[in-house]
Number of protein chains: 2
Amino acid sequence: MKTRDRILHVSLLLFNEEGESHQTAVDISNALDISPGNLYYHFKGKDAIIRTLFDRHDAEMKIILNGARGRLAQIEDSWIYLYILLEEIYDFRFFYRDLGLLLDRYPDLAVRFRGITGQMRHALVDMFDELTAGSVLRLDPRLRDVLTDQVMTTLTFWLAEDRLNTDRHDGPSLIHKTVLQVMCLLPPYMGEEGVDALAGLFEHYDRVTA
Amino acid sequence: MKTRDRILHVSLLLFNEEGESHQTAVDISNALDISPGNLYYHFKGKDAIIRTLFDRHDAEMKIILNGARGRLAQIEDSWIYLYILLEEIYDFRFFYRDLGLLLDRYPDLAVRFRGITGQMRHALVDMFDELTAGSVLRLDPRLRDVLTDQVMTTLTFWLAEDRLNTDRHDGPSLIHKTVLQVMCLLPPYMGEEGVDALAGLFEHYDRVTA
DNA sequence: GTCTATAAATGGATAGAC
DNA sequence: GTCTATCCATTTATAGAC
């Protein structure tokens, strides 16, 4: 593995585990057993590392968010889709745990991040529209937008929120919990089947976390 | 106005407007036209200022959160209550915009903040239970908890989220939008009246933001 | 590519005069 | 209570040898 890649790999690890703001350029080079000078040879600094990591996340998110188009006709599809999305976000969790800080330190990333949330929002609206078109949901446009806002808040801040709790979840169970939280918003708009759907959600959740 | 109070006043202003992390002890003393040394005479540093500001917020939140007990029997009461809560949070918005950062810089505040969210959560559960007891809502305990989680996420991160948008709201309209977002979660559980309630919510929102 | 050594920049903090 | 001057710590960043 080339040094450049090792730097990226270990940085992501450290950022995710210890928090980006706690890791200095020297910490990263220590963890890699290389000198700070060497690190600076490969990257202009922590900034450049973060930007490169963001590039990856951005590219992966684009693929995920575009890949959904017209394929979320069933409730089960949305369910699985959410897992995929949350897992991708989880892989770059350091970013979502300090969004505010990072985005005003790197205004260029802020612009691109807004691009991601824009696409994410779009994907959600498409999903709701498809489900509505297929009579799975009954949702007027106005309500759909409020619901989208609600889901966007959750998808953006679930990781930041977990950090505030005393008893933190591990990755998988946090993802489960968050998917449940989002899916629980839908049954009220599913008509008759909503009641069963809700029971199914809780059952699945209990089974998975048991 | 005593220097000590001026420091607190101006610090809150600066933190809210420019962001806490951008303001150094020297910036604050400059804004006040006093020397850094003088500032350090009154407070051990930025830490001590932040702690004192947090004390205020904490005390005010305690009053608000305890004051609700048994007084939220009607939907309209919850509505007003939310406004009061959001306005208090807005007054100390610098805190909520960088929660993660602040809480791991000051672990003692993290503990106290968890106290606040715990009380907030409790107040919400009480509110839902009262509304359910009064047959305003139909909500089983399990669903109530998920709904509480959902509302907590919104109440904790509405300010952080606004920061991510290109077109930022001003204070009042952001508060309106957030109250709407929360209240829109309830109509599905209001039975027949839910439909009217929802229409009422949208109408009110449009009227206020027009 | 990688090292060591060191400079430069920032922000937090204190000593001592007035 | 308030000021000036100064120090200290941390972290980023570079120069030059190997």
Side-chain angles (χ1 to χ4, degrees), chain A residues 1-55 94-95 97-98 100-110, chain B residues 1-55 94-95 97-98 100-110:
Chain A
M1 205 177 192
K2 283 178 129 57
T3 302
R4 195 190 137 88
D5 292 325
R6 287 181 58 223
I7 293 173
L8 288 172
H9 183 246
V10 168
S11 296
L12 180 58
L13 228 71
L14 283 177
F15 291 164
N16 278 342
E17 294 315 309
E18 314 292 337
E20 180 273 337
S21 58
H22 293 142
Q23 304 305 313
T24 70
V26 177
D27 291 330
I28 296 171
S29 54
N30 280 345
L32 284 157
D33 258 309
I34 63 172
S35 68
N38 192 4
L39 187 142
Y40 272 89
Y41 169 79
H42 290 284
F43 291 95
K44 280 228 179 281
K46 226 175 66 170
D47 298 21
I49 296 176
I50 289 174
R51 263 175 246 278
T52 308
L53 289 174
F54 183 83
D55 287 343
F94 81 92
F95 203 79
R97 284 203 277 236
D98 278 307
L101 187 72
L102 283 164
L103 295 192
D104 75 35
R105 190 137 46 95
Y106 311 114
D108 53 321
L109 292 194
Chain B
M1 206 180 194
K2 284 180 134 53
T3 302
R4 196 190 136 88
D5 291 325
R6 286 181 58 223
I7 292 174
L8 289 172
H9 183 246
V10 168
S11 296
L12 180 58
L13 228 69
L14 283 178
F15 291 163
N16 278 342
E17 294 314 310
E18 315 291 337
E20 181 271 339
S21 58
H22 293 143
Q23 304 304 311
T24 70
V26 177
D27 290 330
I28 297 172
S29 54
N30 280 344
L32 285 157
D33 257 307
I34 64 172
S35 68
N38 191 6
L39 187 143
Y40 272 89
Y41 169 80
H42 289 283
F43 291 94
K44 280 227 178 280
K46 225 175 68 171
D47 298 21
I49 296 176
I50 288 174
R51 264 176 245 278
T52 308
L53 289 174
F54 183 83
D55 287 344
F94 82 92
F95 203 78
R97 284 204 277 236
D98 279 305
L101 188 73
L102 284 164
L103 296 192
D104 74 33
R105 191 138 45 96
Y106 311 114
D108 54 319
L109 292 195

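Just so it is clear, the values below take in all heavy atoms, side chains as well, and ignore hydrogens, waters and symmetry mates. Worth saying up front: this structure is predicted, and the values here are computed from it rather than measured. Letters A, B, ... mirror the listed sequences (proteins, then strands); counts begin at 1.
Within the 4.5 Å cutoff, side-chain heavy atoms of B:Ile50 are placed close to those of B:Leu109. A heavy-atom distance below 4.5 Å is not found between the side chains of A:Tyr41 and A:Thr3. A:Phe54 is not listed as a side-chain neighbour of A:Leu102, based on a closest heavy-atom distance of 4.5 Å or more. Counting heavy atoms from C-beta on, the side chains of A:Phe43 and A:Arg4 come closer than 4.5 Å. Between B:Leu103 and B:Phe95 the shortest side-chain heavy-atom distance falls below 4.5 Å. Side chains of B:Thr52 and B:Leu8 form a contact here, defined as non-hydrogen atoms less than 4.5 Å apart.
The nearest whole Å value for the distance from the CG atom in B:Leu39 to the C1' atom in D:dT4 is 15 Å. As a whole-Å value, the separation of B:Leu32 CG from D:dG1 P is 15 Å. The CD1-P distance, from A:Ile7 to C:dT2, rounds to 8 Å in whole Å. The separation between A:His42 atom NE2 and C:dC3 atom C1' is 12 Å, rounded to whole Å. Going from atom CZ of A:Phe43 over to atom C1' of D:dT12 covers 17 Å, rounded to whole Å.
Applying the 4.0 Å criterion to OP1 and OP2 of C:dG1, one finds that A:Tyr41 has a side-chain N or O inside that range.
The residues B:Glu20 and B:Lys46 are annotated as salt-bridged, a charged nitrogen and a carboxylate oxygen being separated by less than 4.0 angstrom.
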Check your understanding: Could you write nucleotides 4-18 of chain C as a row of B, S and -, 5' to 3', where a protein heavy atom under 4.0 Å of any base atom gives B, of only sugar-phosphate atoms gives S, and otherwise -?
Key -> B------SSBB----
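B:Asp27 contributes a side-chain N or O that, together with a main-chain N or O of B:Thr24, makes up a donor-acceptor pair within less than 3.5 Å.
Rotation axes derived from the C1' atoms of the five outermost pairs at either end of the helix from C:dG1-D:dC18 to C:dC18-D:dG1 lie 10° apart, to the nearest 10°.
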